[in-house]
Amino acid sequence: MSRYNAKEVEAKWQAGWAEHKSFEVEADPAKPKYYVLEMFPYPSGRIHIGHVRNYTMGDVVARYKKAQGFNVLHPMGWDAFGLPAENAARDKGVHPADWTYANIAHMRDELKGMGLSLDWSKEIATCHPGYYGHQQKLFLDFFRKGLVYRKESWVNWDPVDMTVLANEQVIDGKGWRSGAVVEKRKLDQWMFRISDYSEELLNALDKLDRWPDRVRLMQQNWIGRSQGAHIAFDIIGESDPLNIYTTRPDTLFGASFMAVSADHPLAQRLAKDNPAIKAFIAECHQMGTSEEAIEKAEKKGVDTGLEVAHPFFEGKTLPVYVANFVLMEYGTGAIFGCPAHDQRDLDFARKYGLEVTPVVAPDGTDPEIFETAYTGPGKIINSDFLNGMEIEAAKAEVIRRLEEMGKGTEKINYRLRDWGLSRQRYWGCPIPMIHCAKCGTVAEREENLPVKLPDDVTFDKPGNPLDHHPTWKHVSCPDCGGEATRETDTMDTFVDSSWYFARFCSPRADQPVERDKVDYWLPVDQYIGGIEHAILHLLYSRFYSRGMKETGWSHVDEPFAGLFTQGMVTHETYKSVSGEWLLPDEVDHNDAGELIELATGRAVTVGGVEKMSKSKKNVVDPGAIIEKFGADAARWYVLSDSPPDRDMEWTDAGATGAWRFVQRLHRYIGENMMGICAVGEKAPSEFNENALKLRKATHKTVAQVTQNLEDLHFNNAIARIYEFMKVLNEFMWEDDRGTQWALRESMETIVQLIAPMMPHLAEELWRSLLGHDTMLVDTPWPKADPALIVEDRVTMAVQVKGKLRATIEVALDEQAEKIEEIALAQKSVQNAIGENAIRKIIVVPNRIVNVVI
RNA sequence: GCGGGUGUGGCGGAAUUGGUAGACGCGCUGGUUUUAGGUACCAGUUUCUUAUGAAGUGGGGGUUCGAUUCCCUCCACCCGCACCA
């Protein structure tokens, strides 16, 4: 029996499926739909093993659902805008578009080599005007609905690269690329009103019951709802009050100072005449935003000299400080400080000698506050009309009285802030807006869409090439026809990925989406991707879906009905004698079984198992893996090793094991071909014991694997298939029709069950060995016969005092008395009971007997 | 600091509502086939043990006839958020 040649066979069936357009689909309301989507890749140049794992999982779901009779949409595209293309332009002098499209071409070939059941006719790339032009249309619709606005806001500015940096790109207060100290700058930015949807986005999480709890929790924390109050404090000698936000109105009598942010209008105003405040504000702006910097930063402030009146405490006044720990972006940018019950306030009060009055007492005792604020439960003290109340009651009472006085109100606050989408970069979707000196900022006319990026740009100087372009930004105003300039900022690439799943429904439409297509396909039934997108991408997409609904483009609020986050692929790390990281390919075992560096023969230090990264070189190349073992073996291995949501460790031995299974299955079916009946032969009416045993195992396996695939427990599905292989190996061949029929049934079944995971091998076995002339990809999923799954005899465990002493085989649903009798007759059971009296016997039908002595 | 998760052999991991712990794979050990092999097949593989049993799912305690599963507590590791008032 010759070896299975994966390379040849895989190429053959990939071509075969393409030729038969096996995975091209159209919306068809008569058929049930299923939309499977994996997070689309950034075209960095080559696929990595993480992609292989991600897309294999999606492919299993897609192929399985197709076999179940669903009309399956399974598309692929490219998240093709972004900074790496511009970096390549600066470093290598290649145009971002050329670089990106070349990468796409290469990665497309790599994905095709995996044998994915993708509808390539629906491929999209976000950097194509045919995509981003429609994104501009959506932007204008959002603008008209008031979902986009322009606002001056603080940004991280890299003075060398002359661009805004996202918070994630600021490392220890420095630009991640330039290394320059990042400045805080105020710039006009386009913003999405995502914060208007805080409550809606939060509440709707409850309905996403096919999302991981972890992701829902992360979004919940990110949105960050808190319940509290706004309170207006009268500033002595001023007409306007100081408005603050607090979640602890119950501690109002413990207030000993007020603090406002350095960016608070009051601080800004006072700074004009007060050099100390001015200097302090400058100091605050220099403060690092890194976690470390914040942790180390001392609570500092400067007294403004102003005082406010306590709303309830007649005659009591509180000093107003500008403080470095108050954030302008949260609440009102101002707080009252209650040192006894807030650690930050306490630190601040100790530094400036402010009073500390406890107002919440645990167990009714007067607590002494030294260096630690008390934030636990208790009863209110030292607080006039609140004394004796529980915290929650006191909060309600304070709010009630403030509302009566017109000095406060209950207020729910959210951490979520509006989404700034402006980026000072070339390789992104142009924002279709025009600035006119006369008319202000106006929308580009729709007939002028798409606003295309100019091709003739240079990257020889820092900053945004669109700004430097000689002509591109100079346009006439759509309203008055006068001289005007185009917005040169482009959109955050997260905008591109916030609606691509909708575009896939009608990827060539001459408008953003076609309603009937979207109505049929959306929401995505199963979305699969990395946990790293748990917050931003998924939250932005949820917001965008709502925006598209409000602008009439869609009917769904929630774009992803089911979400699955897969784990990372890890690998051992290796270091040479000289301390350099080594690729797994540069390392091998010598005859003595020690790891050595191939080039030098010297010993290698094995480091920890870590996430694959270029810097530590613990990467394997999917192309080389597929070349060596075949796509099926690679797919089988990434599915079999670990539960799909956990990290898996890539080992060469594991991949080899998968490859061996491919060979074994191919060999087994080839060798047993002569023992089976012809294709399509009718089942005989009678089966002997041998054949029946095989049929039962077959149908049980179908039931189990089907359930495992429904639950996305791919590793368990594979374990069940291995078990079934064992049964096949032990099976007794007999020259009778029932056995021959049962054997064909079992072999066809195993081929069908592996098909979602190893589609090429399955198709090959189905056609070339099992002799079908139809395609396996068009064959319905096998059904388990319930009558064959039920065993008529079961094995029960017999325990004495909870310890296993024997197992007995009895009829299914045997009477308890009979079971007791059999159990007690067992010698090992009698020995364990000995002279003891039996106190009672517990019988759990079909499972266990426990004799209590 | 706040929130959440995980912990089972040498390794990855199985185990319906609490009901035979270690399925399946990898690795390892021994054997078979005159085996070019990263071959194939068979047997074994939690630990201890007087070979009869005993212990055992991070540690300790509890509920129960019975706990990997439920409760309390401690430990370790991982993830998310973080000067959010």
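Letters A, B, ... mirror the listed sequences (proteins, then strands); counts begin at 1.
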Do A:Ser195 and A:Asp418 get their side chains close enough for a donor-acceptor pair, meaning under 3.5 Å? yes
Whole angstroms only, please: what is the CD1-C1' distance between A:Ile848 and B:A21? 12 Å
Would you please confirm or rule out a distance under 4.0 Å between OP1 or OP2 of B:A15 and any side-chain N or O of A:Asn716? yes
Tell me whether the side-chain N or O atoms of A:Asn850 pair up with the base of B:C65 as donor and acceptor below 3.5 Å, since no angle test is needed here. yes
Please measure how far the C1' atom in B:U8 lies from the corresponding atom in B:G22, and state the result in whole Å. 8 Å
Do we see a donor-acceptor contact under 3.5 Å between the side chains of A:Asn846 and A:Asp813? yes
Base of B:G10 relative to its sugar, syn (within 90° of 0) or anti? anti
Using atom P of each nucleotide, how far apart are B:C11 and B:U46 to the nearest Å? 13 Å
Taking only side-chain nitrogens and oxygens of A:Arg839, does any of them come within less than 4.0 Å of OP1 or OP2 of B:C65? no
By nearest heavy atom, map A:Glu329 and A:Ser642 onto RNA chain B; which one lands nearer the 5' end? A:Ser642
Please report the interatomic distance CD1(A:Ile223) to CG(A:Leu205), rounded to the nearest 0.5 Å. 5.5 Å
For A:Val851, answer base if it contacts any base atom (sugar-phosphate contacts may also be present), sugar-phosphate if it contacts only those atoms, and nothing otherwise; contact means non-hydrogen atoms under 4.0 Å. nothing
Counting side-chain heavy atoms from CB outward, which of B:G38, B:A14, B:C83 is closest to A:Arg720? B:A14
Which part of the nucleic acid, if any, lies within reach of A:Thr807 when heavy atoms closer than 4.0 Å are counted: base, sugar-phosphate only, or nothing? base
Sort out the partner of B:G1 for me: Watson-Crick or G-U wobble, both distances under 3.5 Å, none otherwise. B:C81
Per A:Asp641 side chain, nearest of listed nucleotides B:G12, B:A40, B:A21: B:G12
Name the nucleic acid region contacted by A:Leu327, choosing base, sugar-phosphate or nothing; use a 4.0 angstrom heavy-atom cut-off, strictly under. base
Candidate nucleotides B:G80, B:A85, B:C65, ranked by approach to the side chain of A:Ile535 - the nearest: B:G80
According to a strict under-4.0 Å criterion, is A:Arg660 in side-chain N/O contact with OP1 or OP2 of B:U39? yes
Against the side chain of A:Ser226, the closest entry in B:U6, B:A85, B:G4 is B:A85
Going by atom types only, do A:Tyr574 and A:Glu572 share a side-chain donor-acceptor pair under 3.5 Å? yes
Rounded P spacing from B:C72 to B:C28 in Å: 44 Å
I'd like the C1' distance from B:U20 over to B:G31, given in whole Å. 31 Å
Distance-only polar pair, side chains of A:Ser640 and A:Tyr722, donor-acceptor under 3.5 Å: no
In this structure, how many angstroms lie between the P atom of B:A14 and the CD1 atom of A:Ile718, rounded? 13 Å
Value in whole Å for how far the P atom of B:A23 lies from CE of A:Met725: 19 Å
Does B:A85 have its OP1 or OP2 closer than 4.0 Å to a side-chain nitrogen or oxygen of A:Tyr330? yes
When you measure from the side chain of A:Asn324 to the backbone N and O of A:Glu298, does any donor-acceptor pair fall under 3.5 Å? yes
A:Gln704 side chain to A:Asn708 side chain, donor-acceptor N/O pair below 3.5 angstrom: no
If I pick the C1' atom on B:A82 and the same atom on B:A76, what distance separates them, to the nearest angstrom? 23 Å
So if I take every side-chain heavy atom of A:Arg214 and compare against B:A85, B:C79, B:C26, which nucleotide ends up nearest? B:C79
Which is true for A:Tyr245 with a 4.0 Å heavy-atom rule: it touches a base, it touches only sugar-phosphate, or it touches nothing? base
Between B:A21 and B:G53 - P atom distance, rounded Å: 16 Å
Pick base, sugar-phosphate or nothing for A:Lys300, based on heavy-atom distances below 4.0 Å to the nucleic acid. nothing
Got a donor-acceptor pair under 3.5 Å from the side chain of A:Asp652 to the base of B:G38? yes
Is A:Glu649 touching bases, backbone alone, or none of the nucleic acid, heavy atoms closer than 4.0 Å? nothing
Closest of B:C26, B:G7, B:U20 to the A:Leu804 side chain is B:U20
For the side chain of A:Asn715, starting at C-beta, report the closest nucleotide among B:A85, B:G13, B:C81. B:G13
Determine which nucleotide pairs with B:U47, using a 3.5 Å limit on both distances of a Watson-Crick or G-U wobble pair. B:A54
Once you round it to whole Å, what is the distance between P of B:A54 and CG of A:Asn831? 11 Å
Which whole-number value in Å describes the distance from A:Arg216 CZ to B:G5 P? 13 Å
Along RNA chain B (nearest heavy atom to each residue), the more 5'-positioned of A:Glu723 and A:Pro643: A:Pro643
Donor-acceptor pair between A:Gln219 and A:Arg542 side chains, under 3.5 angstrom: yes
Does A:Lys726 make a side-chain N or O approach to OP1 or OP2 of B:C24 shorter than 4.0 Å? yes
Under 4.0 Å between any heavy atoms, over every strand shown, what does A:Ser640 touch: base, sugar-phosphate, or nothing? Just pick one. nothing
Within the pair A:Arg225 and B:C84, is there a side-chain N or O less than 4.0 Å away from OP1 or OP2? no
Can you identify which nucleotide, out of B:C24, B:G38, B:C84, has its nearest atom closest to the A:Ala719 side chain? B:C24
Please classify the nucleic acid contact of A:Thr651 as base, sugar-phosphate, or nothing, using heavy-atom distances under 4.0 Å. nothing
Between CZ of A:Arg344 and P of B:A82 the distance, given in whole Å, is 14 Å
For the pair made of CZ in A:Arg415 and C1' in B:G3, what is the distance, rounded to whole Å? 12 Å
Using a 3.5 Å distance criterion without hydrogens, assess whether the side chain of A:Arg635 forms a donor-acceptor pair with backbone atoms of A:Thr56. no
If you only use heavy atoms from C-beta on, which nucleotide in B:U20, B:C79, B:G19 is closest to the side chain of A:Ile842? B:G19
State which of B:A40, B:C81, B:C84 makes the closest approach to the side chain of A:Arg417. B:C84
Closest non-hydrogen atom pair, A:Val322 against A:Phe280: O-CE2, 3.4 Å
For the P atoms, the ones on B:G12 and on B:G27, what distance do you get once it is rounded to whole angstrom? 15 Å
Could you work out the separation of B:U47 and B:G9 based on their C1' atoms and round it to a whole Å? 9 Å
For the pair made of CG in A:Asp585 and P in B:G38, what is the distance, rounded to whole Å? 18 Å
